[in-house]
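Let me begin by presenting the structure, written as structure tokens, before commenting on it.
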Amino acid sequence: MGSLVMIGALATTPLLVASAQAHMRGMYATKAEAEKRAAELKCKGTFAMGTMWMPCANERGLHDALQKAQ
């Protein structure tokens, strides 16, 4: 039971919330869609996350680009 409370507390930390929001804003069904978004964010490349595609070369690059775009 104690670990469930801990997980709940972690899910509300700003870093994890920001990470989840970035994923919601950055996942695309096709590589072409992710490439288009990468160009809009001024980052290069794409990467696969399961069956979805994300813009930028990696997750760190995506998070940085999304922050700059705000």
Side-chain angles (χ1 to χ4, degrees):
M1 186 77 157
S3 62
L4 291 177
V5 172
M6 182 61 153
I7 290 170
L10 288 174
T12 60
T13 62
L15 180 59
L16 294 177
V17 171
S19 178
Q21 288 173 345
H23 277 94
M24 287 186 282
R25 294 186 300 173
M27 297 190 90
Y28 297 90
T30 68
K31 187 175 182 178
E33 290 172 315
E35 288 171 340
K36 180 181 176 190
R37 183 64 174 141
E40 293 168 357
L41 291 171
K42 298 179 176 83
C43 64
K44 294 182 182 184
T46 61
F47 66 100
M49 179 69 73
T51 60
M52 303 294 285
W53 288 91
M54 299 185 83
C56 304
N58 54 47
E59 197 167 357
R60 177 79 258 157
L62 173 58
H63 289 278
D64 291 346
L66 287 171
Q67 265 197 314
K68 288 177 186 175
Q70 289 182 350

Test salt bridge (Lys or Arg N to Asp or Glu O under 4.0 Å) on Lys68 and Asp64 and set out the steps. CA-CA 6 Å; Lys68 288 177 186 175; Asp64 291 346; over 6 Å; no
Report yes if the side chains of Glu59 and Met54 come closer than 4.5 Å at any heavy-atom pair, otherwise no. no
Taking atom [atom1] of [X] and atom [atom2] of [Y], what is their separation to the nearest 0.5 Å?
| X | Y | atom1 | atom2 | result |
| --- | --- | --- | --- | --- |
| Met49 | Leu62 | CE | CG | 9.0 Å |
| Cys56 | Lys42 | SG | NZ | 12.0 Å |
| His63 | Asn58 | NE2 | CG | 9.5 Å |

Can you list everything that forms a side chain to side chain contact (heavy atoms under 4.5 Å, CB included) with Ala34? Sequence neighbours excluded, please. Tyr28, Thr46, Trp53, Pro55
Taking side chain to side chain contact (heavy atoms under 4.5 Å, CB included) as the test, write out the residues that go with Lys44, two or more places apart. none
Under the side-chain hydrogen bond (donor to acceptor under 3.5 Å, both in side chains) test, residues paired with Glu33 that sit two or more places apart: Thr30
